[in-house]
Structure formats: structure tokens, C-alpha cells
Amino acid sequence: MENWRRAWKRALSRYDLYLMLLLPVAWYVVFQYGPMYGVQIAFRDYIPVKGITGSDWVGFDNFDRFFSSYYFGRLLWNTVSISLLSLLIAFPIPILLALLVTEIRSQRFKKLLQNITYMPHFISVVVIVGMLQLFLDPKSGFVNLILNAFGFESVPFMESEGWFKTILVGSNIWQNMGWASIIYIAALSGINPHLYEAAMVDGASRLRRLWHISLPGITPIMIIMLILDVGAFMNVGFEKILLMQNDLNRGASDVIQTFIYNNGILQGDFSYSAAVGLFNSAINFTLLVLINGYARRKAETSLW
Amino acid sequence: MVNQQTIVTRRRSASVAGERVFDFIVYAIAGLIMLIVLYPLLFVLSASFSDPVRVMNGDLWLLPVGFTLDAYKEIFRYDAVWTGYRNTLLYTGVGTIINVTMTTLAAYPLSRRDLPGRRILMFLITFTMFFNGGMIPTYLVVKNLHLVDTMWAMIVPTAIATYNLIVMRTYFQNSIPWELQEASMIDGCTNTRLLLHIILPLSKPIIAVMVLFYAVNQWNAFFNALIYLRDDALYPLQLVLREILIVSQSSYLDSSGSTFGMTEKLLLAESIKYGLIIIASIPVIMMYPFVQKHFVKGVMIGSIKE
Amino acid sequence: MTNWKKKTGYLLSVLMLASAVTACSSGSDKEETSAGTSPSQAGTTETSDSDSNASNASASGFPIVQEPIKLKMFAQKSPPNGPYEDMLVFQEYEKLTNIDVEWEDVPTEGFVERKNLLFASNELPDALFKAGITQLEAVKYGSSGMLIPLEDLINQYAPNLKGLLEQYPEIKSSITAPDGHIYALPAIVTLGSGRTDKFWINQTWLNKLGLKAPETTDELLNVLRAFRDNDPNGNGEKDEIPLSARRKDKDIVGNSIINQFIGSWGLDQQMGYDLNINNDKVDIWFDNPEFKELLQFVNQLYTENLLDHEVFTQTEAQYIAKMGSGNLGFFANQANDPFTSKKDDYVGIAPVAGPNGDRKAFGKPVARDFGAFAITSVNKNPEATIRWIDYFYGDEGSIFFRYGIEGQTYNLQSDGKPEYTDEILTDSRGTGTTIGQFSPWPGGGAPHLISELNSSAINPKEVQAAQEALEPYLPKEIYGAPIFDEKTSKEVNTLRQDIDIYVLENSSKFITGALSFDKWDDYVKTLEKMNLGQLEKIYQEAYDKNK
């Protein structure tokens, strides 16, 4: 009782914070929670004329159809392995790049590097994939010509299952490392300069300053970004994969999202698409809740 | 102060050799990254001035082959590109202001550790990143609000990106000392004043990042345009771009005769795609230096001294 | 401390949830009622109105209606098309018919999504034009009353369509839903050469090397080897591409390179799928020994470097560029418009005979582009609407539809057939795009008749000659894809989501050698496991039903 009264007082004294939240919360209610009833479409056989709430319940039929596919195991494995590869390699690189950028002393070179690594983000995936095809072409692509010059045989990179994931993740890093490093550069610039000055007075080398000040300074944002990445575990940027996919690399390039694009969205099968989408989201959300809980206990940084 | 400075200088010279090595490594890695990134960029630039058939054949290395300005001439003839440009600039400008305002309004209170209910709110907000009603119910909401076929359809449904909200909240929470906020409140500062006069001036880097993130999101947005816009005069640039580019990437067309008229469109797309990418990215690329200005060490200290 | 914090948290969340719940329930109610009732409302108004409007619509001749009416149509705008409202053909047609069509033309990019939303949000137009309605959609929306049955309207008001249906009975079976209704109209291609891929060989190269056109697969091998080795383009480099193909053919599983040779092993494409019909028995040939032999042949082409190794990765643009370069020896394409500048180098030849003496060509059915036109339940003037579209299925109307106005956009040639004016044929934007500004047909999928009379653009004399070479080898009957009921169609999709990919992937690997032919038996066994037999049974039932 006493607790309640205090909580109420405390909330009341911060009424202006709630006022600030009013508009954003209203937006979430109208645009996110309002349409939320659409989730049930995954458990129904959606027929437009009957509406979402009027279509027949089919329980887990749409899920069964997906789970019973001959390719379910492969789709899951490809999705998971591409994601893991991205987390292991593509996640740390922007952090390293940000640290590198702050260590460059020449202001002009620093800015140049940032600007150049930032640009590829804006090249449409259609053009990126087109360039990959040109660069990696077995006959005329420069990569293979270099291989030939060293006496190696040409590798049909784009037609190979073995190379697919490397090329996909590698080109993603190339395209997005600069973009993804921005948030860390911003966080680095928010570190209190007194800390560096004090360390210099103590005679700490640049590497030590990097390790003991810069890195801890951006740890909270690193953890949050990691949590968010883990929460997007099952989303693997399917538009690019679809463009890179062909019948020879399909064994490595068929992921859940391309599957649902071909069998659900293109066929206008809303319920099927929604069911597979829900499956993905459920995994993502579970992972997020787990890692968030872990981060809260271990690092005292978390989403909620 | 003077004393301290001399000590620092002395220590610096002591470890000057180590510093040199460190610098060398830094510059070597940076130079390598620059090269790796630069080559494909130059390729796009050169390709936009080259004969498209020769580019397709893999003849282009670094400098344009069969130099031509045809691609740009063709693009300048495309009215839709320019209407799209104008629309996108408008949507990006208005949209970003609304985005950043809304996100700040949500991110700041949610960063306050003394706000009752903040964890449950954060949970509910994060939840929407994963579960949503899908295209149809959202469309019905937008329709019922009479936003369909207006520029607001490009702005209101995407007013907040939860991802950005989380990033901004994290910054508020970690980069602005809590003691500072407490002290201000003891001084009798209201929360609104606190936000406007203390927090925001200290948050220039993150605001710059938010402006950039949202502006680029708006710049690249096409799906909502696809769904909500009817009038071609409202189409944003990316929709026009996609219409041109996607056709160039299609692996096949229906071979049964309906290709007539498509072949020429395909080749056209092939020849202008590089130029289009450049023309379409110039404004967002030019934005970066302005954002970058705010990533300067010591923003914090200056403000605190005020 | 934490306790009260928790409690307020819960309170707040309950509040938020409550508001969310009310928001969703009101939203869903609205959705439900609007979706549930309005079609039937529309249905009733339609019946009451249609009597009065039927008198407005005349049974034949122009104008179609005495009192001007408005129709809303939802249409697909392909890349070569200009805005529909500016199209000369429709502006003229309005004067002729008294029907003012208000177009909602949506670009191809995003068209599928928009079409789905149209039905989902129940904002139906009066009709859908160039709409690419799938068979499943026709069944779904037809049986739920959003699309209306057209067969009675066709009988009473559409003499051109009625005539075509009588002349080509196979059209009817491929557009009639399992419940016996026709919900959507296709494009109808009576022009033989509009339904086949021709086999183009480089005659200039043949002449130069003193070879004659190949008649068998063995001769073809020799010709291609000569193309590869003997420098027919005379530039001193071995840069000739003896054989290439587009990456994939729409609707059909196999790669085009496979399709190019199926006839030489007696394989066919019926019912819009890779299957033969022998004595009324349906045979999906993915597991047949003939298919294995065919793959072995293509594998030989691949390993001997006769087949372009880019067939699995190239885009349509790259393929077109290759055709246009004149540096290709042998390939398949419907017409010669992608290589107009080199068209004198190529002639169309008959299919080559296989080792077992099989020599067949395959073609597409007369009814093409299923679901090109449909009328919805909100349309108050279905009679006028069907008359409006029927004109384009007649000789006069289809010429008007494709060519516009005589003297302005086309002229009649000496043989009485129309040809576009020179300004159009030489326009710098390209012929297709230029035509696309006044008629919607370029880009494909428009509901109309394509016949000998109106196809100068896709049927020049070289193409006609190529078609003549094919003609003797074409099957007598070509069945279109069947329309399954909803349940069956779900089953078919579930089966095909695995089988199609499996065949595509493995046939490609057999061709490149990534998969050895020792594994053929495993391949066949896996297909059995994927229930190929059940798929065959479903197609058999569909065939029996329509026979």
C-alpha cells in the first residue's frame, strides 16, 4: 500500500516525462498494436472476402507445410550459417574500423577514409550483384585473371556452393562496414576527454588507451548493437541473396526468406508467408530475450 | 596546468618510437581498406561513362571504355527521375524532422532510470520489431486515416524506427552522466528544460547520427510508396529507380512474345544503371561531411563547462 | 523499491494492452464488416441496377451505351507503357463507345502487392485489365463472389470471344474453373509463330565453313564444334559462342537449354508443365530415361565448351546482348527482334532428330496470359464491360488495339495487313516504347487477340519462315495449364515447392558435371520420395476431367 502510494507520487512528479511519451506511445498503439490482430492470419486460411478475422482457422497447417518440406533442414542450416558468419565477422569489423578511424592523426585522411567507406552503402544491391558477376567472371573477371597470373585455374565463384556464403558476407562487409561504423564513431566522440588526458599523464601508450578507455567507452553501444543483431538472426538480407542465386549455388543460397518469397509472396499466399514469417520472428524474439537477459546480468546493459 | 603539460610532452617523446610503429600500422591498414573500397566505387563511376555492352562483356578495368555521355543524357530525359527527386527531397526533409523529434521524445524518458514503467514500455516497443500485423491491417489503418495517396503516407507510418529509438536511448543512458541530470533536478530544473537545455546540447553526435539514419531511410524508402501511393506525381526517386533497375536484373522474361518492347527497356536499363546510382546518391553522400562535423572528441566537455 | 516499480509497470502495461486490444478489436470489426457485407451489398445493387443498365447497353454496334457511363479499371503498366489515360487507343475508344474508363494504372514493380491489397481491402474496381490474375486467385476470388462468372455474358454479348471459344475448344478447358465458371479472360494467340520458340542458326557461319544445317543431334555436335574451332567470324580469335540459352523459361521447370532439346528425345510440354500425354496418359518426365539421355547430351555440350558456361547465371540483358552481337552460333528465341541488325545472318531450322529418331517441337497453348481481364462484383454494367473488351478479340478491334488509327499511327500494306508508320518504327525511344505510349500491348499480358493480321511487329518474314520449318513437328494439341480447385492447388503447390527446385538444381548439376550420372538412381528415388507419383495423379485427374 505504502509502496503503491510512493510509486504513484514518483510517477506523478515525472508527469512531464509521460507527456513527452504521449505522442510516440500513441503512434505505437495506432500503427503497431492496432494492426497486431493480423498475426492470426498465420493460423487461418486467409480469404480476402472473409477478412482476417472471418477466414477459417487451420491451426498449424501452414507451419506443417513448411516443416514438412524436403528442404526444411537445408533452409534452416543455410539461414543459420549465414547469420553466424555475419555475426562472427561482419559484426566486429565496423568496431575495428571506428577505432582505426579515431587513431588516425591526420584530420584530412581521417575524413577521407570515413567518407569513402560510407559511400558503398548507397549502391543498389542490383548493381552490387551485377558487379560481383563481372569481377568474379571465370573468363574476364579480374579476380580470376589474377588467379590465372599466379598459375591457378579460374574458379566459377558465382556458380559454386562452396563460395556462396563467403562472397555474400564479404560483399556485405565491403558495402556496409563504413555505414555500420558511424554509430561507434559517434559513441567514441562522446567519451569524456578527461579520461584520455589522465591516461596520458599516467604515460599509457596509445594501444593501452585504446584498450582501457576507448573500448570500455563504447561497450554499452556494442552490447546493444549485438543484442539487436542477434534479434535479427533469421533475417539475412534476402533481396541480395535472391539476386545472387542460381541453380548451381542453390544448395548454399536457399534460405528461409527466399523460400517464402518464391512459394508464398509470389503466389499471393498470405497465410503461408505469414506463418513462415512468424516462425522467423519467434526464433528472433526468443534469441533476443535470452541474450538481453544475459547482458543484463553480466554487463548491466540491456534493452529493458 | 602548465606543469602537467610538460610532463605529458616528456612522456610522449619517451615512447615516440612505439608511437611511430603504431602510426605506421594504422596508416597501412587504413590505406588498404581505402583501396579495397575505392576500386568498385571508381568502377561504378567509370561504367557510367562507358559503352554498356563493353561493360557487360567485362572490358572495363578502371578507366571508361568507349567513353560516352549517353547514360546521363538518357537520365536527364527521364522526367520521372526528376519528379521523383523532388518528391524524395521533400519526404526526406519533412520526414526526418518528424522522425528525430518523435524518437527524441520517446528515447529520453525511456533512458531515465527513475521513470516508473520504463522497462515494460521498452519491452512492448521492442516487441513490435518482431511481431506486426502485416501489410493488410496496416494498410487498412493508413486508409482509414485517409493518408493513402498523400505524402503523409510516406512519413507517418514510419515516424519511429524502433531500432533508432533503442540506439538513441542507449546513448542518452550511457554518455550523459546521471549525476549531471540529478544535480540539475535538485536545482529545480523541470524535465522539459533538462532535455532542451542540457541533454540535447550534449547529444550532438547522436542527433547527427539520427538525422543521418532517418534521412537515409527516407531516401531509400520505396515499399510504402508501392503500397500507398497512386499518383505517379507523388512517386519517390527510389520507386522510379527500382522500376528501371529491377527489370535489368530479371533473369528471364516470358519468352512467348511478350518480350517485345521489353528488350529495348532492358538494354536501356543496363546502360543507365550506373549513372542512375550516382545521380541518386549524390545528396546523401554530400550529407555525410555535415554529420561528421559533430563527431569531434570533446563535445561533452565544452557543454559541461557552460 | 522494485516492488512498487513492478506494480506501476504492470498497471501501465495493462493500460497499454487494453488500449491496444480495443484498437485491434475495433479495427478488426470494421475490417470484418466491410469485407463481409459490401460484396453482397454490391451484389444486390448490381442486380437491381443491371436491368436498367442492360437497356442502356446495346446488344451490338457502337456506341456500346447510349448514355455515357464511367468504369474504373485497375491495370498493369509494363515498363514500355506510358500512362493509360493518355493512350490514343483508349481516348478514341471512349468516343466510339460512350464508355469513359478511369484508369488506375500500376507499374509492374509492386503490381502483385497492389492487386492483393485491392482484394484484401475490398476496394474493387469495375474490372481488372492486363492483370495477371493467377489460376488460384481466379478460383478464390471467383468462388467468394468478388469476380463474376463471365460465360453467360460471353454467350450473349461477346460474339468475338464466343467464336474463338468455338473454334478452339481447348481454350475453354483452360479457363474454366472447377466449378464450371469462367472468371477471367486470357490473351488469345491464334498466330502460330507467337506460340513457339524458333531455333536460330548462324547461316553466315555455316556458309563460310561449307556446312549445311544440322538434321540430327550428331550433326549438330559437329556443326557446333566447327563453330568453336574454325573461327567462322574471321577475327582470328576463338571468341565465338557456339550455343547459348536464356537462363530460365517462365512457368516451366527446366532451363531453356533443356527445353531447346526435349523434342529430340520425344519429350513435350503439356498442361503448362514438363509432361507428355501419351494415349491419354499423363507422364511427368523428370524421372524418365529419355530425360537422362537428354541431360547426358547437354552435359557433353557443356564439357566440350560448346555450350556457353554462363547459361546458369546470365541475366536476360546479357543474353539479349549476345543475340544482338551476332557472335552466337545457335540459340532459341521466339522472334528476331533482339537481333534485328544481324537478322540476315540467321535462319530458323527444324528441330534436330535425337538418337532414337525423335524429332518434335513444342509450343504454347492458344490461350496465353491467363487472367488478363476480369469483371468484379461491384461493376454495375457487366454487359457493357464485356462488350467493351470483346471488341479487342475481333479482327477489326485487335488491329485498332495494337495499331491505333490508320494514317496516324499505321498504314495498310499491299497485302492488306497493317504496319506502323515509319516515325514509330524509327523513333529513338525504341519501337516498343513508342507503341507503348498509345497502346498497352507492349510488355505483354494484354487481353486481346493476336493473329496473322495484327502481328507485323513480332512476325516478320524471317520469323514466318522459321515457323514453317517448325510446323511439321508441332504436336496437334497443346493443352493449357489446368485450373485446380483450392484444395488441390494447395496440394500441387506443396508438392511442387520441393520437386521443381529439386529438378532444377539437380539437372543443372548433371549438366555441369557437378553431379555424376552414377547418382541418377538416387535422383529418381528422391523424386519418388517427394511424391512425384501423386503430382502425376493430380495432373491425370485434371486431364481426364477436361477431356
Side-chain angles (χ1 to χ4, degrees), chain A residues 7 10-11 14 16-17 20-21 23-24 27-28 30-32 34-39 41 100 103-104 111 113-120 122-124 126-127 131 134 137 140-141 174 182-183 185-186 189-190 192-193 200-201 203 205-207 220-221 224 228 243 274 281 284-285 303-304, chain B residues 4 7-8 11 15 18-19 22 26 29-30 34 37-38 40-41 58 102 105-106 109 112 115-116 119 122-123 125-126 128 130-134 136-138 141 157 159-160 163 166-167 170 174-175 190-192 205-206 209 245 249 273 277 281 284-285 288 292 295-301:
Chain A
R10 206 170 136 116
R14 285 162 187 81
D16 43 356
L17 290 179
M20 286 180 202
L21 276 171
L23 215 53
W27 181 86
Y28 272 101
V30 173
F31 285 96
Q32 298 292 336
M36 198 66 89
Y37 66 94
V39 169
I41 198 175
L100 185 81
E103 288 303 326
I104 294 174
K111 292 206 161 147
L113 181 67
Q114 282 184 62
N115 275 295
I116 283 174
T117 50
Y118 163 83
M119 282 186 216
F122 300 99
I123 301 179
S124 135
V126 173
V127 172
M131 283 200 297
L134 287 173
D137 187 275
S140 58
W174 171 79
I182 291 174
I183 186 68
I185 295 177
S189 66
N192 190 339
M200 272 195 270
V201 172
S205 72
R206 276 168 76 190
L207 202 61
I221 191 76
I224 292 293
L228 290 174
L243 288 169
S281 297
N284 279 338
F285 192 62
L303 294 182
W304 59 78
Chain B
Q4 228 179 46
I7 298 170
V8 169
R11 296 255 167 117
S15 60
E19 299 263 302
F22 189 81
V26 164
I29 299 175
M34 195 109 98
V37 177
L38 207 53
L41 290 176
M102 290 282 277
L105 283 179
R112 285 278 294 264
L115 184 78
R119 275 182 61 186
M122 273 314 290
F123 178 83
I125 283 173
T126 314
T128 63
F130 299 91
F131 301 99
N132 59 64
I136 300 162
T138 315
V141 169
I160 302 179
Y163 185 92
I166 292 173
V167 170
T170 308
N174 294 295
S175 296
T190 65
N191 287 310
T192 319
I206 197 65
V209 171
L245 288 184
Q249 195 60 27
K273 66 179 185 186
I277 290 288
S281 324
V284 267
I285 286 175
Y288 192 52
Q292 206 177 26
F295 301 159
V296 189
K297 271 188 193 168
V299 265
M300 192 71 83
I301 193 69

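Labels below follow one simple rule: chain letters A, B, ... track the order of the sequence lines, proteins then strands, and each chain is numbered from 1.
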* Structure fact -> Applying a strict 4.5 Å limit to non-hydrogen atoms, the region of B:Ile285 in contact with chain A is both
* **Options B:Ile166, B:Ile206, B:Leu38, ranked by heavy-atom pairs under 4.5 Å with chain A, top entry** => B:Ile166
* To do: Tell me, for B:Thr170 versus chain A, whether the close heavy atoms (under 4.5 Å) come from the side chain, the backbone, both or neither.
  => side chain
* To do: Kindly say whether A:Asp16 contributes a backbone atom to a donor-acceptor pair with the side chain of B:Asn191 at under 3.5 angstrom?
  => no
* To do: Please look at B:Asn174 and chain A and tell me whether the side chain, the backbone, both or neither of the residue comes under 4.5 angstrom of a heavy atom of that chain.
  => side chain
* Asked: Do you know the tightest heavy-atom contact between A:Tyr28 and B:Ile125?
  -> OH-CG2, 3.4 Å
* To do: Count the heavy-atom pairs under 4.5 Å between each of A:Ile182, A:Ile123, A:Leu207, A:Ile104 and chain B, then report the option with the highest count.
  => A:Ile182
* A:Gln114 side, atom CD; B:Gln292 side, atom CD - distance, nearest 0.5 Å -> 4.0 Å
* Structure fact -> Minimal heavy-atom distance between A:Ser140 and B:Gly58, with the atoms involved, is OG-CA, 3.9 Å
* Contact class of B:Phe22 relative to chain A, heavy atoms under 4.5 angstrom -> side chain
* To do: Could you have a look at B:Thr190, B:Thr138, B:Val167, B:Ile277 and say which one has the most heavy-atom pairs with chain A under 4.5 angstrom?
  => B:Ile277
* Asked: Shortest non-hydrogen contact from A:Met36 to B:Phe131?
  -> CE-O, 3.3 Å
* Can you sort out the partners of A:Pro24 under side-chain contact (heavy atoms from CB on, under 4.5 Å), two or more places apart, ordered by chain and number? => B:Leu105, B:Ala106, B:Ile160
* Asked: Does the side chain of B:Leu41 come within less than 4.5 Å of A:Pro120's, by heavy atoms?
  -> yes
* So, for B:Ala159 and A:Trp27, which heavy atoms are closest and what is the spacing to 0.1 Å? -> CB-NE1, 3.5 Å
* **Contact class of B:Val284 relative to chain A, heavy atoms under 4.5 angstrom** => both
* If you count heavy-atom pairs under 4.5 Å between each of A:Val39, A:Leu23, A:Leu21 and chain B, which one has the most? -> A:Leu21
* Nearest heavy-atom pair of A:Val127 and B:Lys273: which atoms, and what distance? -> CG2-CD, 4.2 Å
* **Interface residue of largest heavy-atom contact number with chain B, from A:Asn115, A:Ile41, A:Ile185, A:Asn284, under 4.5 Å** => A:Asn115
* Which heavy-atom pair separates B:Met34 from A:Ile116 by the least distance, and what is that distance? -> SD-CD1, 3.9 Å
* Asked: What class does the angle between the rings of B:Tyr288 and A:Tyr118 fall in, given that below 30° is parallel, 30 to 60° is tilted and above 60° is perpendicular?
  -> parallel
* Identify which of A:Asp137, A:Ile183, A:Leu17 forms the greatest number of heavy-atom pairs closer than 4.5 Å to chain B. => A:Leu17
